[in-house]
Structure formats: C-alpha cells, structure tokens
Amino acid sequence: MTPLARIIAGRIRTTGPITLADYMEICLLHPQHGYYATRDPFGQAGDFTTAPEISQIFGELCGLALAQAWLDQGSPADITLAEPGPGRGTLMADMLRVMAKVPGLTTAADVTLIEASAHLRQVQRDRLGHITHLDHVQDLPDKPLFLIANEFFDALPIRQFQRTDEGWAERMVGLGDDGLRLGLGALVDLPRDGRPGDVVEECPAAPAITEAIARRIAAHGGAAIIIDYGGWNGFGDSFQALRQHLPVDPFATPGDADLTAHVDFAPLAAAAIRARAVASRPIHQGDWLLSLGAESRARRLQDAGDQGAMVALRRLTHPGEMGHLFKTMAIWPKGAPPVPGFDALRLNANNA
Ligand code: SAH
C-alpha cells in the first residue's frame with residue numbers, strides 16, 4: 001500500500017466513499033504524497049513525455065503564435081504572459097526565446113505560472129529565473145492576458161456517471177476486500193440520454209477556469225491557446241493512469257501514477273463564448289503546427305545538426321502519433337484578428 005492509499009482508505013472508513021474528482025485531486029496534489037508534489041514525472045526516465053519535451057519546435061511555434069496575436073492587437077505595454085501547469089518550464093523557456101526577438105514583447109510581459117506543486121515551482125524557478133507563481137487561474141490580474149496551456153486541463157479532476165436501469169449514478173471510490181475500488185453512489189439527476197452501462201464524464205473546474213481566462217481576454221485583450229488530448233462532446237470512460245509510459249490500474253498505487261482524463265473541448269468553447277470572447281474550432285495539433293511552418297523549422301534544425309528534428313516533427317504532427325489525438329483551441333477578443341492557424345467557432349442552438 002502506498003502512503004496515500006492508507007490516507008484515502010482512512011478517510012473512506014470515516015466519511016464514506018469519495019467522488020472520482022476528490023480521488024484524483026488527492027492523488028495528484030496531496031502536498032506530501034501527491035504525484036506532482038513528489039516528483040518530476042516527465043521524459044524518458046519518467047512516466048510520460050509531453051510535446052515541449054519532444055522538441056523546441058513546439059514551444060517556438062506556440063510563442064510565435066502568441067507574439068503575432070500581441071502584434072495584431074497593437075502591442076499592449078503591460079501584459080501577463082501566463083501558463084497554467086508548466087511542468088519543467090520547457091515550453092515557457094522555448095516561447096520566451098522566440099518572443100525575445102519581437103521588439104518590446106518580453107519587456108512588456110510579466111511571466112506568471114499557475115502551479116500547484118511546490119516541487120515543480122522550484123524546478124520552474126531554476127529554469128526561468130524571475131517569474132510570478134499563482135495558485136489559481138482565477139488569481140490572474142486584470143490586464144491583457146496571453147496564455148498557453150499544454151496538458152493542463154487533462155490533469156483537472158473529473159466526475160463520472162454511469163447509467164443504470166433506474167437512472168444515472170455517480171461512480172465513487174470506496175473500499176473493497178483488497179483495497180480501493182470503484183462503485184456506484186446514489187442516483188443523480190443528469191439531463192442526458194443513455195443506455196445501461198454508459199459512462200459520461202464531467203470536469204467541473206475546466207469551464208470555470210476557461211471562463212476566468214476568457215473574461216480577462218474579452219475585457220483587456222490577449223489570447224489563449226489550449227492544447228490537450230480529447231475531443232468534442234466526449235463520451236465514455238477516459239480516466240487513465242500512466243506509470244513509466246504504460247497504462248496501470250488507477251486505484252492500485254495512488255500517488256505513484258499520473259491520472260488524467262480526455263478533455264472535452266465543447267464546454268470550454270461554451271465557457272469562452274459565455275465570457276464574451278471568441279473561441280476557435282478545436283483542430284488537430286498536427287495540422288496546426290504544420291500550418292505554422294513546423295516542417296521548415298524541423299529542416300532548419302536538422303541542417304544545423306539536430307539529428308532528431310525530423311523524428312520529433314513526426315511525433316508531434318503525424319496522425320498516428322500525437323498529431324490527431326491532441327487538439328488545440330484558441331480564444332481571442334471580439335474584433336481582433338484570429339490567433340494564427342485558427343478560425344472562429346460559430347455555435348448554434350444545435351451544438352451550443
Ligand atoms: N505543460 C507541461 C506539464 C504538463 S503536466 C508540459 O507540457 O510538459 C501537468 C502540470 O500541471 C504539472 O506542472 C502539474 O503540477 C500541474 N497541475 C496539475 N493540476 C494542477 C492544478 N489544479 N493547479 C495548478 N497546476 C496543476
């Protein structure tokens with residue numbers, strides 16, 4: 001049993017089964033034993049590899065897209081350049097390197113990271129130097145906001161509901177004979193059709209966070225780019241645990257495996273539109289990077305001696321690798337040009 005398994009079992013014994021969202025939050029963010037609190041999980045030696053850790057091409061193109069949005073909006077003088085869930089700080093470091101080539105941009109920017117893990121905060125300070133850390137996106141200041149989020153939303157706690165013969169019931173984490181296990185709680189009123197056995201997911205924090213971002217962008221200017229694996233109006237059980245690059249039982253070793261769920265972009269877009277900003281259609285990560293010139297950048301890097309550049313390009317963009325599984329969506333203010341590579345989404349009554 002991991003130390004967290006004991007803590008969670010103790011809590012269930014006293015107050016009863018917990019939601020999957022509570023379980024995920026404890027496993028990932030418990031200040032002593034949580035997954036992100038205790039380690040640097042990225043890369044070959046860790047549990048998973050993210051796009052910025054594969055190649056600098058990714059962060060450079062994200063940085064250039066936000067830089068172009070900043071130029072398109074008249075180069076505002078005092079902005080927040082923000083990243084929730086910055087991991088090792090690699091993406092921000094790559095973005096800052098290209099943004100420094102745009103006169104006035106990095107001096108206008110207050111680099112602000114939203115990070116829950118004290119351990120990763122230190123890694124980020126060592127990497128990036130003078131930056132501001134915040135606990136919540138909702139704490140961002142009221143000024144123009146240029147924001148990137150890669151594989152942040154997939155770490156936010158989800159709830160799951162399962163259809164039974166009587167209606168929808170929440171999936172809860174309880175105790176079985178040999179440890180933690182998933183069971184069904186009370187019936188809930190969920191306005192969705194379904195057949196017995198169907199599972200739906202909800203990530204309550206995701207629209208709230210998106211709305212907080214979009215409100216600042218609508219009121220003060222700016223742009224946000226959100227990248228994650230997932231889809232549109234997601235359906236089914238996407239909860240997964242990864243350890244050393246392999247899927248494992250999410251209830252077997254709490255605190256020692258990464259827990260994620262696919263991101264449903266539909267409620268994110270709806271939240272941005274509610275906040276009176278423009279949301280893009282979500283598009284494939286691969287198509288977006290290629291439309292911004294990823295291939296010519298990879299060739300340049302290869303010519304300059306980066307042997308892995310073309311393999312990295314393939315991993316980031318090929319439909320059979322990350323290219324299609326990962327989607328990207330942008331948010332910008334009404335009346336401003338779209339963020340490079342994106343088109344505005346038009347929601348109508350049928351898909352709102
Ligand atoms: N964006 C990085 C890392 C993704 S991993 C990359 O692409 O490599 C998820 C990151 O989000 C980690 O830094 C983790 O500590 C952070 N995180 C997870 N949940 C969080 C929360 N609720 N608030 C703030 N940061 C969180």
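Keep in mind that the numbers below use all heavy atoms, side chains included, and drop hydrogens, waters and symmetry copies. Numbering of ligands and ligand atoms starts at 1, following listing order. As the structure is a prediction and not an experimental result, all values here were calculated from the model.
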Colleague: Is it true that the side chains of T49 and Q44 contain a donor and an acceptor less than 3.5 Å apart?
Modeller: no
Colleague: Just need the protein heavy atom nearest to atom 24 (C) of ligand 1, so name the residue and atom and give the distance.
Modeller: A116 N, 3.3 Å
Colleague: Is it the case that the side chains of E170 and Q160 hold a donor-acceptor pair, with the cut-off being a distance below 3.5 Å and no angle test?
Modeller: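 Side chains of Q160 and E170: no pair found under 3.5 Å.
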Colleague: Which part of L29 is near ligand 1, with near meaning a heavy atom under 4.0 Å away: side chain, backbone, both or neither?
Modeller: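 It is the side chain that touches ligand 1; the backbone stays farther off.
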Colleague: May I ask you to check whether F42 has an N/O atom sitting below 3.5 Å from an N/O atom of ligand 1?
Modeller: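 No, there is no polar N/O contact under 3.5 Å.
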Colleague: With a heavy-atom distance limit of 4.0 Å, tell me whether N150 approaches ligand 1 through its side chain, its backbone, both, or neither.
Modeller: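 For N150, the contact with ligand 1 is made by both the backbone and the side chain.
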Colleague: I'd like to know if the side chain of Q124 pairs up with that of R121 as donor and acceptor (distance under 3.5 Å, no hydrogens or angles considered).
Modeller: no
Colleague: Which residue owns the protein heavy atom closest to atom 20 (C) of ligand 1, what's the atom, and how far is it?
Modeller: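 Atom 20 (C) of ligand 1 sits closest to the protein heavy atom F152 CE1, 3.8 Å.
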Colleague: Treat each ILVMFWY residue as a node, draw an edge where side-chain heavy atoms are under 4.5 Å apart, and state whether F251 and L242 are in one component.
Modeller: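 Shared cluster, yes.
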Colleague: Taking distance alone, with no angle check, do A155 and ligand 1 share an N/O pair under 3.5 Å?
Modeller: no
Colleague: In terms of residue, atom name and distance, what is the protein heavy atom nearest to atom 4 (C) of ligand 1?
Modeller: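 Closest protein heavy atom to atom 4 (C) of ligand 1: E151 O, 3.3 Å.
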Colleague: Under 4.0 Å between a Lys/Arg side-chain N and an Asp/Glu carboxylate O for R300 and D303?
Modeller: no
Colleague: Is the closest heavy atom of P52 to ligand 1 under 4.0 Å?
Modeller: yes
Colleague: Is the closest heavy-atom distance from L120 to ligand 1 below 4.0 Å?
Modeller: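 Judged by the 4.0 Å heavy-atom criterion, L120 does count as contacting ligand 1.
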Colleague: Can you find a side-chain donor-acceptor pair between Q285 and T328 that sits under 3.5 Å?
Modeller: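 Side chains of Q285 and T328: no pair found under 3.5 Å.
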Colleague: Could you find the nearest protein heavy atom to atom 6 (C) of ligand 1 and give me its residue, atom name and distance?
Modeller: T50 OG1, 3.3 Å
Colleague: Suppose we measure from atom 3 (C) of ligand 1 to each protein heavy atom; which comes out shortest, and what is that distance?
Modeller: G85 O, 3.4 Å
Colleague: May I ask which of R39, Q124, E115, R88 has a heavy atom nearer to atom 15 (O) of ligand 1 than the others do?
Modeller: E115
Colleague: So for atom CZ, which belongs to R276, do other residues, nucleotides or ligands contribute more than 12 heavy atoms lying within a distance under 6.0 Å?
Modeller: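 It does not: R276 CZ has 12 such atoms or fewer within range.
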Colleague: Looking at G230, is its backbone amide N or carbonyl O close enough to the side chain of D228 to form a donor-acceptor pair, meaning the two atoms are under 3.5 Å apart?
Modeller: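 Answer holds: no.
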